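Letters A, B, ... are given to chains in the order of the sequence lines, protein chains preceding strands, and every chain is numbered from 1. Predicted model only: the values in this text are computed from it and were never measured.
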4 protein chains.
Amino acid sequence: MPSRPTAIETPRRTRRKETRPGELIEAALNLFIEKGFAATKSEEVAQRAGVSKGTLFLYFATKEDLFKAVVRENISSLFPSWNDELANFKGSCGEMLAYAMNSWWHSMGKTKAGGIVKLVMSEAQNFPDIALFYQQEVITPGTQLLKKILQRGVDSGEFRSLDLEQAVFTLVAPMIYLMMWNNSMGCCVSTVNQDMKPEQFIQLQVDVLLNGLKAKQ
Amino acid sequence: MPSRPTAIETPRRTRRKETRPGELIEAALNLFIEKGFAATKSEEVAQRAGVSKGTLFLYFATKEDLFKAVVRENISSLFPSWNDELANFKGSCGEMLAYAMNSWWHSMGKTKAGGIVKLVMSEAQNFPDIALFYQQEVITPGTQLLKKILQRGVDSGEFRSLDLEQAVFTLVAPMIYLMMWNNSMGCCVSTVNQDMKPEQFIQLQVDVLLNGLKAKQ
Amino acid sequence: MPSRPTAIETPRRTRRKETRPGELIEAALNLFIEKGFAATKSEEVAQRAGVSKGTLFLYFATKEDLFKAVVRENISSLFPSWNDELANFKGSCGEMLAYAMNSWWHSMGKTKAGGIVKLVMSEAQNFPDIALFYQQEVITPGTQLLKKILQRGVDSGEFRSLDLEQAVFTLVAPMIYLMMWNNSMGCCVSTVNQDMKPEQFIQLQVDVLLNGLKAKQ
Amino acid sequence: MPSRPTAIETPRRTRRKETRPGELIEAALNLFIEKGFAATKSEEVAQRAGVSKGTLFLYFATKEDLFKAVVRENISSLFPSWNDELANFKGSCGEMLAYAMNSWWHSMGKTKAGGIVKLVMSEAQNFPDIALFYQQEVITPGTQLLKKILQRGVDSGEFRSLDLEQAVFTLVAPMIYLMMWNNSMGCCVSTVNQDMKPEQFIQLQVDVLLNGLKAKQ
DNA sequence: TATGAATGAGTCTTCATTCAT
DNA sequence: TATGAATGAAGACTCATTCAT
């Protein structure tokens, strides 16, 4: 009976197994975003999750599986309740667009979710099913949402007639670019000194999208 | 009499000091684009260049050096004629913008150079000096170029007054996005079936940038 | 039913964290002595320790680190009891010298430790920190020890007056030489047939050191 | 007829093939002494000899062969005309011994030859035929020489009766040690600060060998 | 002969994964 | 379940040696 502990025991190992995968995914998410898939060692992930290397593989058979879980888990959350907001929005379509883009930036663009998107785009070729999944979970519904906004604007005469399919890209591009930038070049802040001020950029972006660059005659 | 060789044999061990680096960079370029930096093994690169493992390291001390060479070789060449074209361009600034964007797409967006840009953005965090290099060689001069166009437009009254710094991003974003898309999700054509028609997209993009989405009253 | 195993199987993958480093050092010691540092491959070391290649690097980050560990482990232990023995020695200084030299031969000269000394002298140029370490751990304390003996002899009038610093070399030289010989030329016994009988040599050596070669008048 | 050289041509490639091996051996000698056999790259050798890598292998089929040549070439020179000097020496045997040891130090101990001896002792195990060769060319004749001196001393009554075979080692040991030291630990002068003054050491050594440590009663 | 580009077997080292405890 | 010691396939890089010129 070696070294009997005194009084109150610190409850190590108290976490339930149900929470483990989540903790591992959380840890992996952060590391993958920080360093990319290849450069992240599975041991690091375990460590950051406060778990041993072996435990990681108890929950995820492969590092790739872990990656997929990370992405899947976090992609689903990329669309909160936007559809509702859209349905109930009072105001012009221009306002709605402005609102959507700002909202997007605050609720995901500048959060970790942005890192996921970057991750997905970076690794898509090596993980076709992730690509497919992302397509289904994010791109398609996102596109639908934006199409609706645009369609409404066109129907009401606020917007001019458009090829919706293409126009959606026009809305998406600056958002994705903003987020890619922040998660790649933007990280090297010390060295790469580029004044990218997201909020201002979005402001201008909305303005240009709606009104164009040309001066009104 | 074992395995009698047929007709003309391709000679092993050809000496081609001058052309080797180019061939190796070409091979690396393709593989890096296909599979990413980490997933590409240096032996593969050598093989694809029709050379032995050792030869690769005769020309590039490190896989990382090879990567840098690939980036340098394929990126630095991107801003040669553009400055000239800009200086001599006859036409409105809107036309110039349209021309620039189309030109960009044809001369690099849809070429392998596009793949490099994707590569750089994907790996920037792990290669700070690549990021810096890219910043200096590509981003800064590119930004200058676009600023000039915009400034000219503003000066002539064709464009409205703008925060140039930010507006440049507005021009760049769709281009980068287009190229990122084509080199990540777009590759998984079989699975991800999204109708991205670059030329049309650019067309619309230019139109929207200039005129905005709003219907003219 | 392929190759039915006999009786008791030695279990692969035994967990012996405590004993591993020692076993690895032991294996490395022998191989380094046998073949030198450069000619010993790390996999061999692992093999001889009954362990896989990876395990070696679990305990020693570098082959060089392993080398250092080997030296440290086998050298630091060389000056434990000697200081005590010296302090408590009853007898003349001449006897003490004779005792010290014989003792040295038995406790390290002819053991594997002798091989290490040879190793250190052979590789010193390529491993400056090993040289420094050896200097601090072995040479300096050893020199101190011998100086004390000599000083005592000089003080008591048993020995004549001497430049101690230099005289120490005189005591050390034959010991080191003996050991170098045994671990280089001496190994090639089959070919190099030289009658080096260490015990006799030391005997004579002590005699000459004390009494000189000259006949007493 | 490209770029015709003017007037007097600088005679590159003038060295005759007869001198090549010597130059290569010279270069190799220095490098082997500096860095050891394993750590010396064959290209370095070629370079230092002012020759291309290929040329080296034109003269020596193997790096090992080169090593052997280096040692053989330089070992033969380890015994100049000492036998003559001995035969004609006027003076006591003690004086002769003193002379021999000082002479040894000046003519080879402190020269590159010392490096060769160190080299041989370090690599003997990996090159048995070198060991054999060294035994035949250096050790045996050297031993004979010293035996003669001692024998003469014993015969004349100047020295006491001795087991010559063993006594020779007594003479050799400090010499070899001195030279090993200078070519291993001694190199790390900056870090290993040990005051080894060869000339003084030899002086004392001779004195002790002849007269012993003991005070004369 | 001389060159130096090319080769590829060989080495160190890493790290995802396994498994005895 | 959890651990972390052990594994070994894999990969970057080296360098003695070859050979086309």
Side-chain angles (χ1 to χ4, degrees), chain A residues 12-13 15-17 20 38-47 50-66, chain B residues 11-20 38-46 49-66, chain C residues 11-20 38-46 49-66, chain D residues 12-13 15-17 20 38-47 50-66:
Chain A
R12 296 261 185 103
R13 295 208 194 184
R15 312 183 191 190
R16 287 112 313 170
K17 67 173 176 179
R20 277 282 149 71
T40 298
K41 303 179 211 180
S42 41
E43 185 159 21
E44 277 179 301
V45 175
Q47 221 167 47
V51 160
S52 82
K53 213 188 323 182
T55 304
L56 171 61
F57 288 90
L58 227 51
Y59 292 97
F60 303 94
T62 317
K63 196 186 166 189
E64 291 203 12
D65 283 358
L66 174 63
Chain B
R12 292 281 189 88
R13 276 181 175 257
T14 48
R15 290 165 79 96
R16 306 229 305 286
K17 192 189 183 183
E18 309 305 324
T19 55
R20 287 291 189 234
T40 298
K41 0 194 168 177
S42 43
E43 189 159 15
E44 273 180 304
V45 175
V51 156
S52 82
K53 204 189 335 176
T55 303
L56 172 60
F57 289 95
L58 213 58
Y59 293 96
F60 303 96
T62 316
K63 195 186 164 189
E64 202 173 313
D65 280 359
L66 176 61
Chain C
R12 292 280 191 88
R13 276 181 174 257
T14 48
R15 290 165 79 96
R16 306 226 306 287
K17 191 189 182 179
E18 310 306 322
T19 55
R20 287 291 188 234
T40 299
K41 2 195 165 176
S42 43
E43 187 158 19
E44 273 180 304
V45 175
V51 156
S52 82
K53 204 186 334 176
T55 302
L56 171 60
F57 289 94
L58 214 57
Y59 293 96
F60 303 96
T62 315
K63 195 185 164 190
E64 202 173 314
D65 280 359
L66 176 61
Chain D
R12 295 262 185 102
R13 294 205 194 187
R15 311 182 193 192
R16 287 111 313 171
K17 67 175 177 178
R20 277 283 149 69
T40 298
K41 304 180 212 178
S42 41
E43 185 159 20
E44 277 178 302
V45 175
Q47 220 166 48
V51 160
S52 81
K53 215 188 322 182
T55 304
L56 172 60
F57 287 91
L58 226 50
Y59 292 98
F60 303 95
T62 318
K63 194 185 167 190
E64 290 202 11
D65 282 357
L66 174 61

Query raised in the report: Under the criterion side-chain contact (heavy atoms from CB on, under 4.5 Å), which of R16(B), R13(B), R20(B) is the partner of V51(B)?
Result: R20(B)

Query - Nearest-Å distance for atom pair CZ/C1', residues F60(D) and dA2(E) - result: 16 Å

Report summary line: Rounded to the nearest 0.5 Å, the CZ atom of F57(B) sits from the CG atom of D65(B) at a distance of 10.0 Å

Query raised in the report: What residues form a side-chain hydrogen bond (donor to acceptor under 3.5 Å, both in side chains) with T62(B), not counting sequence neighbours?
Result: none

Query raised in the report: What is the distance from CG of L56(D) to C1' of dT1(E), rounded to the nearest Å?
Result: 14 Å

Would you be so kind as to tabulate the donor-acceptor pairs closer than 3.5 Å made by side chains of residues 38-45 of chain C, with sequence neighbours excluded?
residue: T40(C); atom: OG1; partner: L31(C); partner atom: O; Å: 3.3
residue: T40(C); atom: OG1; partner: G36(C); partner atom: O; Å: 2.7
residue: E44(C); atom: OE1; partner: K35(C); partner atom: NZ; Å: 3.4
residue: E44(C); atom: OE1; partner: K41(C); partner atom: N; Å: 3.0
residue: E44(C); atom: OE2; partner: K35(C); partner atom: NZ; Å: 2.6

**Report entry** Distance, rounded to the nearest Å, where R16(C) contributes CZ and dA6(F) contributes P
**Finding:** 8 Å

Requested in this report: Could I get the full list of side-chain contact (heavy atoms from CB on, under 4.5 Å) partners for R15(C), not counting sequence neighbours?
Outcome: none

Report task. Nearest whole angstrom, please: distance from the C1' of dC15(E) to the CD of Q47(A). Result -> 14 Å

Query raised in the report: Between R20(C) and dA6(F), does any side-chain N or O lie under 4.0 Å from OP1 or OP2?
Result: yes

Report task. Nearest whole angstrom, please: distance from the P of dG4(F) to the CD of E18(C). Result -> 13 Å

Report task. Would you please confirm or rule out a distance under 4.0 Å between OP1 or OP2 of dA6(F) and any side-chain N or O of Y59(C)? Result -> yes

Query raised in the report: Which dot-bracket notation, 5' to 3', represents the base pairing of DNA chain E when pairs are defined as Watson-Crick or G-U with both distances under 3.5 Å, crossing pairs as [ ], and inter-strand pairs as |?
Result: .||||||||||||||||||||

Report task. Indicate for each nucleotide in nucleotides 15-21 of chain F, in 5' to 3' sequence, whether protein heavy atoms under 4.0 Å reach the base (B), only the sugar-phosphate (S), or nothing (-). Result -> SSBBSB-

